[in-house]
Amino acid sequence: MLDKKYDAKEKESKWLEYWQENKIYEFKPDQREVFSIDTPPPTVNGKIHIGHIFSYSQTEMIARYKRLRGYNIFYPFGFDDNGLPSERLVEKEQGKKAHEIGREEFSRLCYETTDKYEESFQTLFSKMGVSTDWQIHYKTVSPKTIKISQLSFLDLYEKGHCYHKESPALWCNECLTSIAQAELETKTIKTTFNYINFKTVETKEEFTIATTRPELLPAIVCVFVNPLDDAHKHLIGQTAHIPVIDVDVPIMADEKVAIDKGTGVVMCCTFGDQTDIEWWKKYNLPLKYIFTDDGKINDSIPVYGGLKIKEARAKIMEDLTDAGVVVKKEELEHEVQTHERCGKEVEYAVMKQWFIDIMNHKEDFLRIGREIKWHPSYMHARYEEWVNNIAWDWCISRQRYFGVPFPVWYCDKCGQEVVASKEDLPVNPLTSQPKIKTCPACGNDKFVPELDVMDTWATSSVTPLINMRYGEGNNLEKILRPMSIRTNASEIIRTWDFYTIVKSFYHFNQRPWDNVMISGFVMADKGEKISKSKGNSKVEPMALIDEYSADVIRYWAASGRLGTDIIFSTETLQRGKKLVNKIWNVSKFIEMHLEDYKDQEFNDFEYIDKWIIGLFMDMEKSFLNYLDEYEVGLALNTLEKFFWNFCDNYIEIVKHRLYRPLEFGDIPRYSGQKTVYMLLYKLLQDFSIFFPFITEEIYQELYHDHKSIHLTTINPLNYNFNKEVSLGNDLVNIISEVRGEKSNKNVSLKTPVKNLDLSLNKELKDALNKSIKDFKATLFIENLNIKDLDEGYNVDKIELNLEENNKES
RNA sequence: GGGCGCUUAGCUCAGUUGGUUAGAGCAUCUGCCUUACAAGCAGAGGGUCAAAGGUUCGAGUCCCUUAUCGCCCACCA
């Protein structure tokens, strides 16, 4: 017997244990077709917030759906503990910077810290009912994954898609590392636009340059004007004298200069922005690099050497003002590029970095993007846009400690790079030496290790490779190439999705997955994204599970459309709570009436039973369609709508038949029993995608024909009740009208109807005759008078027996 | 400035290829203790579908323009 009240806390932990013990979600290759999920490994940088719960739940529902459709589910879980996020977490916990702790000790602390957090992540996701096979979980920093990352690097290296080159790279002088274009975030800041007078050496003519970054004056290598700029084109070919710095640079022409921007005259520094780098390359300009790695002016620069960038900016403005060359200052708000991990403005640094070739294969990446089905489809446009606009090769080296080391050494003498052999992986070049004893280029026998580690994305972009255990030569590769689906939020299309496509193209010349499913964001309120930094205890996942249960939170997580942001709302949680409660109550009711039920072949369904069965079939069709498009929220809406109709209309009708076999007959009663038995089973299956716990509890009590409801399969019903559906709907509408009349008269729904006069068309009259007992019992009708009508129906008169009502009260 | 998306009841959201009076839940109001459920049931009120224009017999739905907000990108001279 089902309990009177459903105790979510007790039942959820009970079934969690049961699933684990019985390995319900274990992946074992067999005859069945595999549906594989490339789960996003959450970044281990502190806390799981409600946004994670939202998007992971949606993926997990797809896993459950496909499992019910008979697929063998490959659903691993991973943790992204690699790289800067982990380092910053440790630095925060320790209150010290990495270089103050020391490389070895720091790495140890990173492992320790990420392990600690991962355990709590796993507990939380389990509690949410995430049906991954924890046996196949992975970390992005572990000997196994380091090996795969290094293998991936070597494969690309051998194929010539990786290169090591001195080149300007984006540099964060807070994190002390180079970063990739994809790690940039734009921020609006207030700054000053300074108009500074320069002079030509030849004619002493004055001209003005506007800049927000006067501290870059010592780094000026050239001045540009547009060749079509009538006001300035005569300057081309002359030499510009830089005030205060006292250096001369050439004035050159380039079409990229916008005549109407600033003063129309531009200083080119190494490096202030992307255009500087382009010009530097295009015109082969000299390099004047004036910053230190930690964001100061280089000591070799007179006067300003040793100052921080902003101090230098203030000092040089003072000096320029003293020199009388500052013509104007304008307050200005503009966008700057910052490092997403720390929020500090980025600079450019020139040093040797490892790059993966992007620019030569954009067409291939676009082609593969088109082979993949994006859900929702418009997300594909974002991918295209990113690939079309990308301007850099992918810099994958980071001057940090905790990450995948490059399996590379350099000859101490000539700098020749030497890579590890594949069979020696994983290697740490800091603690080992290359196999070859002497440098192939110069014969020297001393090597120095590559100190850099790989970018986080260089590792997380190989999750499909980690899943297939790339390099082991097993048959998983056959099963998982390509994987069925990748899921993530839209913000990392440009990183995780893109880089995974890049790697998959270089390794296999193939798409990594057939489908990409993009979820939206969770907003705290209109226009306010919930983020880790704005920790809000009201939306703490563990607290929410305690208060509402995992099933109910999953209800909230399923609300809304794919790719669309949702606002965290307690109303939606309340609604879920009511739904779950209703499932429990109606199951109790059905159980009560199944005590003497034996399931057997039966086709003599009552009219109303045919109606609800047909209606269910219609619903399930669109339900399944939505799920095939990964629209879990829309699927749930459809199911929910049907379910309330089932409870409020069908059950209200059939209950009389179930309670009173003497009056209605045993066969009509059996018809009702068969209907509720059959439909509840199917409803529980459909709901199990969203509410894995409560449906399991009910299923085990009432049906129990498999080890778990989550191991059953959905088999669509095969009846043809179309006619009963539409006529039954009309009958229910008539019932509603009569109930409405009772409500309007403020009387109980049990109030008898003395006379009900209806005009019905022929079909409807026929339908009513077939369900006359149910109909009369539902409305407590004493006299029913039916007239003929050509089309449709009309409720002519409702006369209530109010005396009866008054007598009782 | 560019790409994509959102804008529908007081609030949170649905509205499949254009097709009668635009839907649900919450909130509000009115009733009903009805042998599963008062965490329930039956009703009621509440919307010029962001704005303007266009296509069409017919537009929340298609096209154009504008505005707001969100994500991403570019611009930083």
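Each chain gets a letter, A, B and so on, in the order its sequence line appears, and its residues count up from 1.
As judged by a 4.0 angstrom heavy-atom cut-off over every strand, A/T263 is placed among residues making no nucleic acid contact. Using a 4.0 Å heavy-atom cutoff across all strands shown, A/T275 reaches sugar-phosphate atoms only and no base atom. Nucleic acid contact for A/R561: sugar-phosphate only, since backbone atoms but no base atoms lie under 4.0 Å from a heavy atom of the residue. Contact annotation for A/K582: base contact, defined as any heavy-atom pair under 4.0 Å involving a base atom. A/S559 comes within contact range of no nucleotide atom at all, as no heavy-atom separation falls under 4.0 Å. Within the nucleic acid shown, A/Y626 comes within 4.0 Å of at least one base atom, counting heavy atoms only. When heavy atoms are screened at a 4.0 angstrom cut-off, A/V257 is found touching base atoms of the nucleic acid.
Of the listed nucleotides (B/A39, B/C26, B/C4), B/A39 has the atom at the smallest distance from the side chain of A/N581. Of the candidates B/G43, B/C37, B/G40, the closest approach to any side-chain atom of A/K578 belongs to B/G40. Listed nucleotides B/C4, B/U35, B/C37 differ in distance to A/R660; the shortest reach to its side chain belongs to B/U35. Checking B/C13, B/C41, B/A74 against the side-chain heavy atoms of A/I566 singles out B/C13 as nearest. Relative to the side chain of A/R739, the nucleotides B/G43, B/A24, B/A14 differ in distance, and B/G43 lies closest. You'll find that the side chain of A/E491 is closest to B/C72, out of B/A39, B/C4, B/C72. Comparing atom distances between the A/T212 side chain and each of B/C26, B/A42, B/C76 picks out B/C76 as nearest. Checking B/A42, B/C76, B/G15 against every side-chain atom of A/S743, the shortest atom distance belongs to B/A42. Counting only heavy atoms from C-beta on, A/K5 has its side chain closest to B/A39 among B/A39, B/G5, B/G25.
Atom-to-atom, CD of A/E384 to P of B/C4 comes out at 11 Å; the value is rounded to the nearest Å. Atom C1' of nucleotide B/G43 and atom CG of A/N733 are separated by 15 Å, given to the nearest angstrom. Atom CG in A/N388 sits about 12 Å away from atom C1' in B/G2, given to the nearest Å. Between A/L800 atom CG and B/G31 atom C1' the separation is 14 Å, expressed in whole Å. Here the C1' atom of nucleotide B/G40 and the NZ atom of A/K655 are 11 Å apart, to the nearest Å. One atom, CD of A/E571, and another, C1' of B/A39, lie 16 Å apart when rounded to the nearest Å. In this structure, the CG atom of A/N746 is 15 Å from the P atom of B/C29, given to the nearest Å.
Contacts classified as salt bridge (Lys or Arg N to Asp or Glu O under 4.0 Å) and involving residues 375-384 of chain A (residues at least two apart or in different chains) are given here: A/R370-A/E384. For residues 623-639 of chain A, the set of pairs meeting the salt bridge (Lys or Arg N to Asp or Glu O under 4.0 Å) definition, not counting sequence neighbours, comprises A/K373-A/E629, A/R561-A/E631. For residues 731-749 of chain A, the pairs satisfying salt bridge (Lys or Arg N to Asp or Glu O under 4.0 Å) are A/E741-A/K745, with sequence neighbours left out.
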Which is it for A/T338 and A/K344 under the side-chain contact (heavy atoms from CB on, under 4.5 Å) test, yes or no, and what are the steps along the way? CA-CA 5 Å; A/T338 60; A/K344 285 276 159 62; over 6 Å; no
Check the pair A/D596 / A/Q673 against side-chain hydrogen bond (donor to acceptor under 3.5 Å, both in side chains), numbers first and verdict last. CA-CA 10 Å; A/D596 61 338; A/Q673 286 178 308; 2.9 Å; yes
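With hydrogens and angles ignored, no donor-acceptor pair under 3.5 angstrom links the side chain of A/R382 to the base of B/C72. Under 3.5 Å, the side chain of A/E385 and the base of B/G2 form at least one donor-acceptor pair of N or O atoms.
A tilted orientation is assigned to the rings of A/Y499 and A/W457, their planes being inclined by 30° to 60°. Ring geometry for A/F687 against A/F643 counts as perpendicular: the plane angle is over 60°, on a 0 to 90° scale with 30° as the lower cut. Classification of the A/Y703-A/Y677 ring pair by plane angle, with boundaries at 30° and 60°, yields tilted.
Going from the P atom of B/A9 to that of B/G15 covers 15 Å, rounded to whole Å. Nucleotides B/C72 and B/C11 are separated by 26 Å at their P atoms, to the nearest Å. Comparing the P positions of B/U65 and B/U48 gives a spacing of 27 Å, expressed to the nearest Å. Nucleotides B/A50 and B/U68 are separated by 16 Å at their P atoms, to the nearest Å. B/C4 and B/G10 are spaced 32 Å apart, taking the P atom of each and rounding to whole Å. Rounded to whole Å, the separation between the P atoms of B/G3 and B/U12 comes to 29 Å. Taking atom P on both B/U61 and B/U21, the two are 16 Å apart, rounded to the nearest angstrom. Rounded to whole Å, the separation between the C1' atoms of B/C63 and B/G18 comes to 13 Å.
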Footprint string (nucleotides 61-67 of chain B, 5' to 3'): B base within contact, S backbone only, - free, heavy atoms under 4.0 Å: -------
Once pairs are restricted to Watson-Crick or G-U wobble with both distances under 3.5 Å, how does RNA chain B read as a dot-bracket string, [ ] for crossings and | for other-strand pairs? (((((.(..((((.....[...)))).(((((.......))))).....((.((..]....)).))).)))))....
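Every side chain to side chain contact (heavy atoms under 4.5 Å, CB included) that A/V580 has, sequence neighbours left out, goes to A/D551, A/V552, A/F691, A/I694. Applying the ring-ring contact (aromatic ring centres under 6.0 Å, His included) test to A/Y626 and every residue at least two apart in sequence or in another chain returns nothing. Remark: A/W374 engages A/H380, A/Y383 in a ring-ring contact (aromatic ring centres under 6.0 Å, His included) (not counting sequence neighbours). Shown here are the ring-ring contact (aromatic ring centres under 6.0 Å, His included) partners of A/Y348, two or more places apart in sequence or in another chain: there are none. Residues passing the ring-ring contact (aromatic ring centres under 6.0 Å, His included) test with A/H593 are A/F589, A/Y659, sequence neighbours excluded. Partners of A/E215 according to the side chain to side chain donor-acceptor pair (under 3.5 Å) rule, which considers only residues two or more places apart in sequence or in another chain, are A/R213, A/R313.
Taking every heavy atom of residues 637-653 of chain A and every atom of RNA chain B, pairs under 4.0 Å involve A/N637, A/W644, A/C647, A/D648, A/I651, A/E652, by number.
Between A/Q337 and B/A74, a side-chain N or O to OP1/OP2 separation shorter than 4.0 Å is present.
Taking the nucleotide of RNA chain B with the nearest heavy atom to each of A/F589 and A/N744, the more 5' of the two is matched to A/F589. For A/S736 and A/S569, each mapped to the nucleotide of RNA chain B holding its nearest heavy atom, the one lying further toward the 5' end belongs to A/S569.
Aromatic pair A/F498/A/F365: ring centres closer than 6.0 Å.
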